[in-house]
Amino acid sequence: MKWKTKMMSLDMVFLVNIEHKLEKMALQGWMLHEVRNYSMIFRECEPQSLHFNILINPDNSKEKTSVGPVGELETLCVEDGWDFLLRRGMFVIFTNNHEEPIEIHTDPLIKIEMVTKQIRRYLKREIIVLLVFIPIMIVFFASLKEKYVYSSMWVYSIICSILLLAELFFNNIPILIWWSKNRRKTQNPLFSLSDAIYSGSSIAFLTFRALSMTVLMFRSILQPIPGLNIDFLYIPLILISPMFLIMLWKRESENKPKITNEVFGLICLVILVLGFQAIGGVTLFTGDIFSGKQAIRTSDLTNIATPYYPLDNYTEIGLFAMKTVDASDSFEQDTLRTIIVRFYSNSKAESYWNNRKKNVLASETIDKTWGVKGFYFNERKGILLRKGNEIIEISSFMDMSNPDVMQRVKARLGLTK
Amino acid sequence: MARQQLQTLSEPMYYILLSLVEPRHGYAIMTFIRENTQGRVQVGAGTLYALLSRFENEKLIDFIKSEDNKKIYQLSKDGKEVLLKEYERIQTLVGDGQRILGEKP
């Protein structure tokens, strides 16, 4: 038996006469078998003349396992000669092989009223979505602080953002067009308001998805919450359906398609992200660039003793790595060697700090004795301090725990009261 | 506001209320209407469902019982009043029509 996949979404029922398309497919010998998020699966059959009717019935949208009509309305449809075909969420598809069947909705005004009333039941949830995501969007824009330096990663980020914004827009075209067409048909102001809220919440939700992915791309400079490691946001990145990959996928095959659109998209996205990971690009989950073969060492950071020299050449790993160190400085004075490194983000600083701290015993911390966050290293001949994005390393041939040395270094750092 | 909308009934509304002078379930209502109008008035399942919900909210019909998963309704006292008013209104229209059209040769 042959199968065919067509790119069609039931959400388009507000915009496109999908019933007519299904009837045409049936005439050509393709019967609707399954409905997925963005596609429909057809199986080969004898060409037949069938009428299709798509009923919107959110009351039974959770009846995912039902193979027949549920509830009074659907039972009435079956009693009136319509055959239950399948259900997908709030959409129920019926067929009828009579030449001129009585439509399920014989009064278009009542149909619009009924559908609107049904959709309005979901308004409370949609309003909450709006109220939650709008502040998140405000925080996002407020956190944009620095400009980018052009890099391959930047280009990749821009491309992803454009794709996401396009997905956002595409998903909402049917809703927006239906709203603009239908709002003029009724005098009831609440009709337009409910549609606006419904559309707005869909836009807000998809915008959030777009923003969370954009935050990941630009995370080296976005720090809405200092110290927060936002690597976990990669999870929504991987789970988001990449519509544009699916849109190009349409095939006939001898076998029924075994993987869903979402799984297909997921596989593509995982390959994409893992590919970048393999060439030293974006880090995933717990991996960071300060461990393993590509670990950055202090000597990599400060090869030139020039104040605030941007060290792109020494800190990028691979072609697509994000910037690590914004600036650094190194100087020697009074037998003390000082290295100051300003990292591009809190997460980078945190990563480097944690790596240096790995072998430090509790007794080696200087929090209590020096009054700052830090620890000794190299048999107490050096100390490492942290101030936000900056890490300061001071080393000497003397024991830094010695009170005189401690006093001198404290004075230099402005730590004396 | 909604009640005011039902002061003048459309044909499907009128016949649905008429069918519920006796207790009936959904499919029986559709059959009654088709038979009594010789197929002239067609009420789809979705339209019937929507109107029954509206009538029930407006207390024009009462839910009597459920039988074999089918809900049975009947006209309420308020429903009878609305139906009678509509019947009288239609009679007035017919009377006016007969009076005026009947005078013409």
Side-chain angles (χ1 to χ4, degrees), chain A residues 13 19 51-60 63 66 68-85 87 90-96 98-121 186-191, chain B residues 1-17 19-20 23-58 60-74:
Chain A
V13 75
E19 286 115 332
H51 291 271
F52 282 79
N53 207 303
I54 300 174
L55 181 73
I56 298 167
N57 188 17
D59 287 342
N60 298 327
E63 298 282 343
S66 80
V70 175
E72 191 185 1
L73 173 56
E74 293 174 25
T75 308
L76 262 177
C77 295
V78 169
E79 283 176 337
D80 203 25
W82 290 89
D83 298 317
F84 178 94
L85 182 61
R87 178 192 313 280
M90 66 175 177
F91 299 104
V92 188
I93 302 179
F94 292 91
T95 60
N96 197 318
H98 282 134
E99 272 189 33
E100 289 182 10
I102 296 168
E103 292 295 327
I104 291 178
H105 281 286
T106 44
D107 191 326
L109 281 177
I110 290 181
K111 180 182 179 181
I112 291 175
E113 200 182 295
M114 186 176 165
V115 169
T116 308
K117 209 191 278 185
Q118 287 166 333
I119 290 175
R120 273 191 200 160
R121 283 188 215 156
T186 173
Q187 299 300 318
N188 187 349
L190 280 180
F191 185 87
Chain B
M1 177 73 182
R3 186 56 194 277
Q4 283 180 351
Q5 289 176 352
L6 297 173
Q7 295 293 320
T8 306
L9 304 176
S10 64
E11 266 196 317
M13 289 179 185
Y14 176 76
Y15 279 104
I16 289 171
L17 289 178
S19 70
L20 289 175
R24 283 190 169 89
H25 56 72
Y27 186 64
I29 295 171
M30 288 198 282
T31 312
F32 172 92
I33 294 173
R34 278 172 214 162
E35 284 171 1
N36 284 276
T37 62
Q38 288 80 47
R40 184 178 59 82
V41 178
Q42 303 279 8
V43 181
T47 304
L48 176 67
Y49 181 80
L51 288 174
L52 286 175
S53 297
R54 195 199 282 189
F55 290 152
E56 202 177 358
N57 286 339
E58 290 294 314
L60 298 184
I61 63 175
D62 293 321
F63 166 69
I64 305 295
K65 59 180 175 179
S66 239
E67 222 172 63
D68 299 327
N69 268 338
K70 294 177 186 177
K71 285 186 178 176
I72 297 176
Y73 300 93
Q74 191 175 12

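Here is how names work: the chains are called A, B, and so on, in the same order as the sequence lines, proteins then strands, and each is numbered from 1.
- Interface summary for chain B: among A:T75, A:N53, A:T106, the most heavy-atom pairs under 4.5 angstrom belong to A:T106.
- The OH atom of B:Y49 sits 13.0 Å away from the CD1 atom of A:I104 when rounded to the nearest 0.5 Å.
- For the atom pair A:I110 CD1 and B:S10 OG, the distance stands at 6.0 Å (nearest 0.5 Å).
- Here the NE2-CD distance, from B:H25 to A:E79, works out to 6.5 Å after rounding to the nearest 0.5 Å.
- B:M30 has its side chain within reach of A:L76: a pair of non-hydrogen atoms, C-beta onward, lies under 4.5 Å apart.
- A distance-only check finds no donor-acceptor pair linking the side chain of B:T47 to the backbone of A:H105 [under 3.5 Å].
- Atom-to-atom distance recorded for B:L48:CG and A:D107:CG is 12.0 Å, nearest 0.5 angstrom.
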